[in-house]
Every structure is written in C-alpha cells, then in structure tokens.
**Student:** 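Before we start, here is the structure in question, set down as structure tokens.
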Amino acid sequence: MATPLPLAVLVSGTGTNLQALLDSVHGREAEIVAVASNAADAPALERARSRDVATKVFPRGDYADRPARDAAMAAWLREQGVRLVVLAGYMELLSPAFLDRFPDAVINVHPSLLPAFPGLHAVEQALAYGVTVFGVTVHFVDAGLDSGPVISQRAVELPDAKYSNTVLEYLRPLEHTLLPEAVRLFARGALSRDPANPRRVLIAPEETEGTVLRSGEAADG
Ligand code: GAR
C-alpha cells in the first residue's frame, strides 16, 4: 500500500468529525499526525490524545493578531510533515498566512448546502429562512467565508424540522461519510480541477464508481 498521507485536523468543539476520521482513514490512506485547536477546552483534543496523536492549542489571545497565530500554527503543522489540513468544526477563518503554506490542501466540512448559509450557525440560519431541504458540503478552503470549490454535497429533506439538534442528528452521519471519503480521494491523488472551470472539482474516473461522493445519475456527462 502507498505511504499514508500525513494529515492534520483543526478543531474547536466536540470532534465527532475528527472521530470519524480517526475511525475510518487514520492508519490507512492517511495518518493523522497533528490536531490543532484555537480552544484549549475543545473536547475534540481528548479524542486525539487518546489515540496518541500530537495536539497543540493556538489561542488567539497569545498572538499579536490572527495572521500571527495562523502563521505559528502553519509552521507547527509543517514541522509535523503535514500535507493535507482538514477543518472539522474549526470555527475561525484562516488567514492567507496559513492558506499560502498549504495551497489547494485545506478541506472543510460545513452543515449547509453552500453557497447557502455560510459562516457560523448554518443550521439555525437555514431554519430561520424556512428551508425544507438541509444538507452538508465538503469543500476546498480559500480565503473567503466557506466559498472554496465544492468537493461533495448531500441533501436531506426535513420539511417539518423546527430545532437545530434534530437537523444535526440527520446531518452528522452525512458529514461522517463525506469527509473521510474526500480525504481518501485526496490521499489517492484522485481530486483535481476542471481546467475549463477551476471551481469544479473532478474525481479521477477510476475512482468514481467506488465512491459515495458521486452516487447520483450523471445529467450530461
Ligand atoms: C460540524 O457540524 C461541522 O459541519 C460544523 O461544526 C460541526 C462540528 O462538529 N462546522 C461549521 O459550522 C464550520 N463553519 P464536530 O466537532 O462534532 O465535528
């Protein structure tokens, strides 16, 4: 088997997506070599420690500004040999000081069908808007707010949903499927951009049959 891809995960909260990665791709296609957080009390950190993954906290208040914090975090991850960074419930924007160190190699999971409802409290935003279809997006990260090229999306119809907890119960399993699959495909070198439209992420043809990310019918090839 090919050498596992050295992977870092950034977290701010509970860490169920980190757990999905630890349980499904860690030690296989990818090796989670570092978990970083902006929040010392993020329960996700304990999930990493319990699997002997190196952790480090980069509180915003310890640095002059966000770019200085992000530069320090990027430097630590580069020291660990990281080649892909996954944002799994990381609740801050990353500045160019970070993104420039990992070009085309930062992936985020977001609990809405982007470009609808970017930013914080996406499910609450969707409920307030009154939508009947909710969903999840996995995407490459650029300098904007949840605005990078989409890798995969999955929708769920919940016309009677009233509470964010209920919606999240439906979205979590989708996240825990789509995010590890995106990491697997990245590790295999199967993700690329359509030269005709770099916003479109392509999956290598030999991978498309086996992946859950392209399970719908092709409309026009
Ligand atoms: C997930 O639902 C993720 O999509 C969301 O935070 C949650 C983290 O859960 N991310 C965002 O809203 C980013 N804008 P977890 O800590 O259990 O993985």
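Atoms within a ligand are numbered from 1 in the order they appear, just like the ligands themselves. These numbers come from the heavy atoms of this one structure, side chains and all, not from hydrogens, waters or symmetry mates. These figures come from a predicted structure and were not determined experimentally.
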**Student:** Answer yes or no: is there an ion pair linking Arg60 with Asp70, defined by an N-O contact shorter than 4.0 Å?
**Tutor:**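 Looking at Asp70 together with Arg60, the answer is no, because their closest N to O distance does not fall below 4.0 Å.
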**Student:** Looking at Gly119, which atoms of ligand 1 are within less than 4.0 Å of one of its heavy atoms?
**Tutor:** 14 (N)
**Student:** Counting C-beta onward and ignoring hydrogens, is there a side-chain heavy-atom pair between Trp76 and Val82 closer than 4.5 Å?
**Tutor:** no
**Student:** Within the structure, does Asn108 bring an N/O atom to less than 3.5 angstrom of an N/O atom in ligand 1?
**Tutor:** no
**Student:** Within 45 degrees of the axis of the six-membered ring of Phe140 and under 6.0 Å from its centre: does Arg193 put its NZ or CZ there?
**Tutor:**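 Ring-cation test returns yes.
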**Student:** Which atoms of ligand 1 are found less than 4.0 Å from any heavy atom of Pro111?
**Tutor:**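 What qualifies from ligand 1 is 4 (O), 5 (C), 10 (N), 11 (C), 12 (O).
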**Student:** What protein heavy atom sits nearest atom 7 (C) of ligand 1, and how far off is it?
**Tutor:**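 For atom 7 (C) of ligand 1, the nearest protein heavy atom is Arg172 NH2, 4.0 Å.
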**Student:** Answer with yes or no after comparing the ring centroid distance for Tyr129 and Phe117 against a 6.0 Å cut-off, counting only values under it.
**Tutor:** yes
**Student:** Can you find an N or O of Thr16 that's nearer than 3.5 Å to an N or O of ligand 1?
**Tutor:** yes
**Student:** Name the closest protein heavy atom to atom 8 (C) of ligand 1, giving the residue it belongs to and the distance to 0.1 Å.
**Tutor:** Gly89 CA, 3.5 Å
**Student:** Of all the atoms in ligand 1, which lie at a distance below 4.0 Å from a heavy atom belonging to His110?
**Tutor:** 4 (O), 13 (C), 14 (N)
**Student:** Counting from 1, what ligand 1 atoms have a heavy atom of Val109 closer than 4.0 Å?
**Tutor:** 3 (C), 4 (O), 10 (N)
**Student:** Is a side-chain N or O of Glu207 found less than 3.5 angstrom from the main chain of Gly189, in a donor-acceptor match?
**Tutor:**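 No.
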**Student:** With the threshold set at 4.0 Å, does a side-chain nitrogen-carboxylate oxygen contact exist between Arg188 and Glu29?
**Tutor:**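 Here Arg188 pairs with Glu29 in a salt bridge, since their nearest N and O are under 4.0 Å apart.
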**Student:** If you count heavy atoms of other groups shown closer than 6.0 angstrom to CD of Glu46, is the number above 12?
**Tutor:** yes
**Student:** Counting C-beta onward and ignoring hydrogens, is there a side-chain heavy-atom pair between Leu10 and Leu77 closer than 4.5 Å?
**Tutor:** yes
**Student:** Just need the protein heavy atom nearest to atom 6 (O) of ligand 1, so name the residue and atom and give the distance.
**Tutor:** Met91 CE, 3.2 Å
**Student:** Do me a favour and list the nearest non-hydrogen protein atom to atom 4 (O) of ligand 1 with residue, atom name and distance?
**Tutor:**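 Checked against all protein heavy atoms, atom 4 (O) of ligand 1 sits closest to Glu175 OE2, 2.5 Å.
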**Student:** Do any nitrogen or oxygen atoms of Gly15 lie less than 3.5 angstrom from nitrogen or oxygen atoms of ligand 1?
**Tutor:**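 Yes, Gly15 has an N/O under 3.5 Å of an N/O on ligand 1.
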